[in-house]
Protein chains: 2
Amino acid sequence: MKLTPIMEKYILHWGEMGTRWGVNRTVAQIHALLYLSPKPLNAEEISETLGVARSNVSTSLKELMSWGLVKVSHVLGDRRDHFESMKDLWEIFTRVVEERKKREIDPTLTLLRQCELEAAEDTRTPEEIKQRINRMREFLETLSGWYEQMSTVPKPTLAKLMKLGGKVTKILGK
Amino acid sequence: MKLTPIMEKYILHWGEMGTRWGVNRTVAQIHALLYLSPKPLNAEEISETLGVARSNVSTSLKELMSWGLVKVSHVLGDRRDHFESMKDLWEIFTRVVEERKKREIDPTLTLLRQCELEAAEDTRTPEEIKQRINRMREFLETLSGWYEQMSTVPKPTLAKLMKLGGKVTKILGK
DNA sequence: CCGATATTTCAGTATTTACAGAAATTATCA
DNA sequence: TGATAATTTCTGTAAATACTGAAATATCGG
């Protein structure tokens with residue numbers, strides 16, 4: 001697959017953004033490429049297009065699949081695996097949020113609760129500090145609970161809600 | 001400042017989380033320490049408590065201040081700068097979102113718009129790919145616009161809205 | 001304005017992370 | 001079943017990032 005300058009610019013930028021959010025550059029670039037690509041690509045094509053080692057592509061695709069952002073597809077008469085990205089941006093977005101919640105927020109909540117348990121027996125930690133931990137736990141729980149509720153709302157409704165923006169408060173303001 | 005086991009656990013975990021979100025481990029640890037600390041700390045204390053070089057603390061504090069998460073304060077009769085973290089978690093949260101928007105989302109939007117301009121003259125990029133870029137731009141604009149509106153809503157209202165969660169759709173559902 | 005203390009900058013080093021290429025494994029087709 | 005193609009795993013290397021300690025700079029009190 002030959003990249004036009006626009007595609008190249010897009011992909012490079014996406015790679016850059018990835019690193020800022022703790023995502024490996026190659027992983028992000030592959031995701032960008034597959035998002036743009038009109039048809040599923042095989043690993044070899046990806047490797048050549050982006051100029052990275054075949055093995056690196058393999059690892060990165062596994063990573064993207066573990067996030068549920070990319071899935072394997074097959075082309076008739078071709079043995080090789082092909083890969084395609086989710087295309088719906090709402091889907092992609094919620095997938096990423098969902099996964100980060102699972103991988104990062106939930107374990108953090110577990111740890112915070114554990115801290116609170118230990119705090120009960122701990123006389124050396126000042127009360128004020130214990131409360132800070134408490135508040136953080138509460139905050140993350142609120143956020144987490146909100147997300148869980150919102151994730152059940154159908155996408156189109158969600159989109160409308162967003163368009164409403166701050167106006168919801170006016171409508172609800174009674 | 002002597003850390004109790006609970007504090008240590010909290011700070012180490014926070015450092016870990018930082019790295020996952022593209023934040024330097026030391027920066028995240030310092031932020032955690034200052035969040036817990038009942039009183040402002042000077043750089044020397046931070047350095048000793050976390051076991052990192054004084055210079056490293058200096059750089060990291062500058063970083064935290066550039067995010068607006070930490071500010072300098074002074075203790076009477078002490079020449080040294082002291083540092084304290086924002087304590088309100090809503091404030092911290094919106095600060096981080098605000099700053100990431102400014103640093104990452106806005107520049108991305110600029111780039112996407114530029115791509116669209118160039119796309120007009122570009123006959124080599126397939127129409128389908130141009131549309132993908134379009135959709136991404138639209139999506140980020142929606143998100144961005146929503147955030148901007150929400151950021152004007154007072155914090156307590158926001159908190160109530162969150163507690164409502166998915167129920168808003170039911171209330172609005174007419 | 002001088003000396004002392006505090007802070008920042010910077011250059012070199014260490015650590016971590018990403019990556020390539022080879023080797024091993026797995027799958028597919030004749 | 002054997003040959004070939006496709007994919008993954010693994011090990012060593014390269015690149016990026018974080019960090020230290022020393023030197024330079026700035027700040028403050030007298």
Side-chain angles (χ1 to χ4, degrees), chain A residues 1 11-34 40-67 70-84 103-104, chain B residues 1 11-34 40-67 70-84 103-104:
Chain A
M1 177 162 215
I11 291 168
L12 288 176
H13 183 85
W14 217 248
E16 229 32 68
M17 283 306 104
T19 61
R20 300 233 192 168
W21 290 83
V23 176
N24 176 290
R25 177 174 284 117
T26 306
V27 171
Q29 285 183 354
I30 293 179
H31 186 235
L33 173 61
L34 291 178
L41 301 177
N42 65 52
E44 191 65 29
E45 289 175 302
I46 297 172
S47 166
E48 283 166 6
T49 308
L50 298 179
V52 296
R54 178 65 188 70
S55 57
N56 193 6
V57 172
S58 175
T59 314
S60 302
L61 283 169
K62 246 178 79 179
E63 175 76 8
L64 284 167
M65 292 198 293
S66 85
W67 283 78
V70 162
K71 62 185 219 296
V72 189
S73 76
H74 283 99
V75 171
L76 232 79
D78 192 336
R79 279 174 58 178
R80 291 168 300 180
D81 286 345
H82 285 62
F83 301 89
E84 87 187 293
R103 296 180 186 206
E104 288 139 17
Chain B
M1 174 159 217
I11 291 168
L12 289 175
H13 183 85
W14 216 248
E16 229 32 67
M17 282 306 105
T19 61
R20 300 233 192 169
W21 291 83
V23 176
N24 176 290
R25 177 175 285 118
T26 306
V27 171
Q29 285 183 354
I30 293 179
H31 186 235
L33 172 60
L34 291 178
L41 302 176
N42 65 53
E44 191 66 29
E45 288 174 303
I46 298 172
S47 167
E48 282 165 8
T49 308
L50 299 179
V52 297
R54 178 65 189 71
S55 57
N56 193 5
V57 171
S58 175
T59 314
S60 302
L61 283 169
K62 246 178 77 180
E63 175 76 7
L64 284 167
M65 292 197 293
S66 85
W67 283 79
V70 162
K71 63 185 217 297
V72 189
S73 75
H74 284 98
V75 171
L76 233 78
D78 192 336
R79 278 176 59 180
R80 292 168 298 180
D81 287 344
H82 286 62
F83 301 89
E84 87 187 292
R103 296 180 186 204
E104 288 139 18

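It should be emphasised that the depicted structure is a prediction, and the values quoted were computed from it without experimental measurement. Each chain gets a letter, A, B and so on, in the order its sequence line appears, and its residues count up from 1.
Across its full length, the helix from C:dC1-D:dG30 to C:dA30-D:dT1 shows an angle of 30° between the axes of its 5 terminal pairs at either end, rounded to 10 degrees.
One interatomic measurement links the two molecules: CD1 of B:Ile46 to P of C:dA6, which rounds to 15 Å at whole-angstrom precision. When the C1' atom of C:dT8 is taken as reference, atom CD of B:Glu63 falls 15 Å away, rounded to whole Å. Rounded to whole Å, atom C1' of D:dG21 lies 14 Å from atom CD of B:Glu44. For the pair A:Ile30 CD1 and D:dT7 P, the computed distance is 13 Å after rounding to whole Å. Protein atom NZ of A:Lys62 is 14 Å distant from nucleotide atom P of D:dT7, rounded to whole Å. Whole-Å rounding puts the A:Leu50 CG to C:dA20 C1' distance at 15 Å. Put simply, CE on B:Met65 is 7 Å from P on C:dT8, counting in whole angstrom units. Protein atom CD of B:Glu16 is 12 Å distant from nucleotide atom C1' of C:dT16, rounded to whole Å.
The distance from the CD atom of B:Gln29 to the CD1 atom of B:Ile46 is 12.0 Å, given to the nearest 0.5 Å. Once rounded to the nearest 0.5 Å, the distance linking NE2 of A:His31 with CG of A:Asn24 reads 14.0 Å. A distance of 11.0 Å separates CD of A:Glu44 from NE2 of A:His82, quoted to the nearest 0.5 Å. Annotation: the span from A:His74 atom NE2 to A:Phe83 atom CZ amounts to 8.0 Å, rounded to 0.5 Å. Taking CG of B:Leu61 as the start and CG of B:Leu34 as the end, the distance is 6.5 Å to the nearest 0.5 Å. How far NE2 of B:His13 is from CD1 of B:Ile11: 13.0 Å, rounded to the nearest 0.5 Å.
Nucleic acid contact class of A:Asn42 (heavy atoms, under 4.0 Å, all strands): none. Using a 4.0 Å heavy-atom criterion, one finds that B:Gly51 contacts the sugar-phosphate atoms exclusively.
The minimum heavy-atom distance between B:Ala53 and B:Ser47, with the atom names listed, is C-OG, 3.9 Å. Taking all atoms of both residues into account, the shortest heavy-atom contact from B:Gly18 to B:Ala28 is CA-CB, 4.0 Å. Contact detail for B:Val52 and B:Asn56: the closest heavy-atom pair is CB-ND2, 4.0 Å.
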### Message
How would you summarise protein contacts on nucleotides 22-30 of chain C per nucleotide, using B for base, S for sugar-phosphate only and - for none, with heavy-atom distances below 4.0 Å?
### Response
-----BBS-
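Using a 4.5 Å heavy-atom cutoff, the side chains of A:Thr59 and A:Thr26 are not in contact. Looking only at side-chain heavy atoms (C-beta outward), A:Ile30 and A:Glu63 stay at 4.5 Å or farther from each other.
Residue A:Ser58 has no polar side-chain atom (N or O) positioned under 4.0 Å from OP1 or OP2 of D:dT7.
Remark: the backbone N or O of A:Asn42 is paired with a side-chain donor or acceptor of A:Glu45 at under 3.5 angstrom.
Nucleotides of DNA chain D nearest to A:Thr59 and A:Arg80 differ in position, and the one nearer the 5' end is that of A:Arg80.
Listed by residue number, the members of residues 19-29 of chain B with any heavy atom below 4.0 angstrom from DNA chain D are B:Asn24, B:Thr26.
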